[in-house]
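Written out below as structure tokens is the structure these notes cover.
Hydrogens, waters and symmetry mates play no part in the numbers below; they use all other heavy atoms, side chains included.
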Amino acid sequence: MNKWLRRLWKTVVIGLAAILVLLGSGAIFEQVSVRRDLKSYTPSGKLYKVDGKNMHLFSGGQGDVTVVFASGWGTANPYVDFSPLYEKLTPHVKFAVYDRFGYGYSDTTDKKRDIDTITNEIHEVLQLSGQKPPYLFVGHSLGSLETLRFAQKYPGEVKGIVMLDSGSPEYYYNDADPVSDGLMKKLLIKSGVIRLLFQSDSVVASSRSIRNDLKFVPEELKGIDLTASLLKLENANIADELQQFKVNAKVVLDNKKPFPFPITILTSDYLGVTNEVWNKYEAEFTSWSLQGKQLVVVDTEHYIHQYRPDLVADEILALAKK
């Protein structure tokens, strides 16, 4: 019996040692890879000091109206994400794509991701970068909350909003629950397992499937997107945004008053898969404006602008002309 226990204990010790060696090797691999990626991951736009941290904003185009893009939660590189829209917008309007802290080329910050802090940071980076209102905001997914809150706090600076399959504050507060990715995901990232998985073309393709395989994104920008995904996959700011969204939605709801400017709600049909709860809230989302309009965009997924950039650009320009 004692001999059997000794063999079992020896096997356990060897197994644990092997696991520790693998985890240690993976952690070193991850750290070396991050340092290498950071050398080539250079800003597409410019960095501005906001509360002592670097906040990134990319701008372009020409015209009297500035379109401001607010990315959805977890979109690692907003500059790449909205790139299918730039060519059609450039001759007609100016545009600005900001990276919230924790995203894109921006630093991470120690400040909590409450909606008023986020909105104040957006306002400051727009001012520092020389953008001029009136702004036409385009918000994707969870980006709806900061676009609405910005309009509440700075009503004279917004002339319209286009929502890209964005949840309403009512939806986020009443029917969506904050979730946690948990310790396991963090361990997989820190140990290099996620990075190893992304060496597989099939894993990369699967990660892009919800974004129409980035069909309208140039190959060079696809590489930037992959690097950004690995660098920004898990950080405190992105995690805190997810935990805060219900509280943030309540703040926006508590200050609800229909806006005088137009809001266009573009809703995905999720490739024909019906979600009655989501569709109900999307139809009611128009109540946030005295000039509300909803359009269901067929044959699209959540990232509507990756499926129908032509239609999205047309809707943006239609509001810009009003």
Side-chain angles (χ1 to χ4, degrees), residues 41-50 53-63 65-107 118-147 149-151 157-166 211 214 216-218 220-225 227-229 231-232 237-238 241 266 302-306 309 312-313 315-317 319-320:
Y41 190 63
T42 55
S44 303
K46 295 182 179 181
L47 298 173
Y48 302 91
K49 286 292 183 183
V50 176
K53 296 285 188 176
N54 288 320
M55 192 169 182
H56 178 260
L57 182 140
F58 173 82
S59 61
Q62 58 187 354
V65 177
T66 299
V67 177
V68 179
F69 288 97
S71 64
W73 179 84
T75 300
N77 191 299
Y79 160 71
V80 173
D81 185 49
F82 292 116
S83 63
L85 302 172
Y86 302 154
E87 184 176 356
K88 189 160 186 177
L89 296 179
T90 294
H92 308 289
V93 294
K94 295 176 183 176
F95 58 85
V97 184
Y98 62 83
D99 297 342
R100 297 188 298 278
F101 285 124
Y103 289 82
Y105 303 99
S106 292
D107 291 341
I118 291 173
T119 305
N120 291 341
E121 291 164 352
I122 295 166
H123 190 253
E124 186 170 352
V125 79
L126 289 174
Q127 288 185 318
L128 290 172
S129 62
Q131 309 307 316
K132 303 295 183 184
Y135 302 126
L136 196 165
F137 269 82
V138 178
H140 175 235
S141 195
L142 192 59
S144 62
L145 297 183
E146 62 209 57
T147 63
R149 188 61 181 144
F150 190 102
E157 298 186 15
V158 179
K159 70 165 290 175
I161 295 176
V162 176
M163 296 296 190
L164 304 179
D165 208 48
S166 303
R211 295 182 288 165
L214 299 182
F216 297 102
V217 174
E220 178 185 354
L221 297 193
K222 290 180 182 178
I224 293 175
D225 178 79
T227 300
S229 297
L231 288 174
K232 302 293 182 176
N237 295 163
I238 292 178
E241 268 189 14
L266 299 182
H302 185 48
Y303 285 75
I304 292 178
H305 47 293
Q306 291 290 348
V312 171
E315 292 295 329
I316 292 171
L317 293 176
L319 282 196

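Formation of a donor-acceptor pair under 3.5 Å by the Ser166 side chain with backbone atoms of Ser141 is found in this model. A donor-acceptor pair under 3.5 Å is formed between the side chain of Lys159 and the backbone N or O of Ala320. Remark: the backbone N or O of Ile304 is not paired with any side-chain donor or acceptor of Asp165 at under 3.5 angstrom. Side-chain atoms of Ser106 come within 3.5 Å of backbone atoms of His56 as a donor-acceptor pair (strictly under, hydrogens ignored). For the pair His140 (side chain) and His302 (backbone), a donor-acceptor distance under 3.5 Å is present.
Ring-plane geometry between Phe137 and Phe150 is classed as tilted, the angle between the planes lying from 30 to 60 degrees on a 0 to 90 degree scale.
Tested against Leu47, the residues Val125, Asp107, Asn54 include a single side chain to side chain contact (heavy atoms under 4.5 Å, CB included) partner, Asn54. Screening Tyr86, Tyr48, Phe69 for a ring-ring contact (aromatic ring centres under 6.0 Å, His included) with Phe58, the sole residue that qualifies is Tyr86.
Between the side chains of Asn77 and Tyr41, at least one donor-acceptor pair of N or O atoms lies under 3.5 Å. Side chains of Gln131 and Tyr98: no donor on one and acceptor on the other come within 3.5 Å.
With sequence neighbours excluded, the residues that form a side-chain hydrogen bond (donor to acceptor under 3.5 Å, both in side chains) with Lys88 are Asp314. A search for side-chain contact (heavy atoms from CB on, under 4.5 Å) contacts involving Ser71 returns Thr75, Pro78, Phe82, Arg100, not counting sequence neighbours.
Within 6.0 Å of the NZ atom in Lys232, the count of heavy atoms belonging to other residues, nucleotides or ligands exceeds 12. Enclosure of atom NZ in Lys222 by more than 12 non-hydrogen atoms of other residues, nucleotides or ligands within 6.0 angstrom is indicated. For Gln127, the CD atom is densely surrounded, since the number of other residues' heavy atoms within 6.0 Å is greater than 12.
Interatomic distance, Leu164 CG to Asp81 CG, rounded to the nearest 0.5 Å: 9.0 Å. Going from atom CD1 of Ile122 over to atom CZ of Phe101 covers 10.5 Å, rounded to the nearest 0.5 Å.
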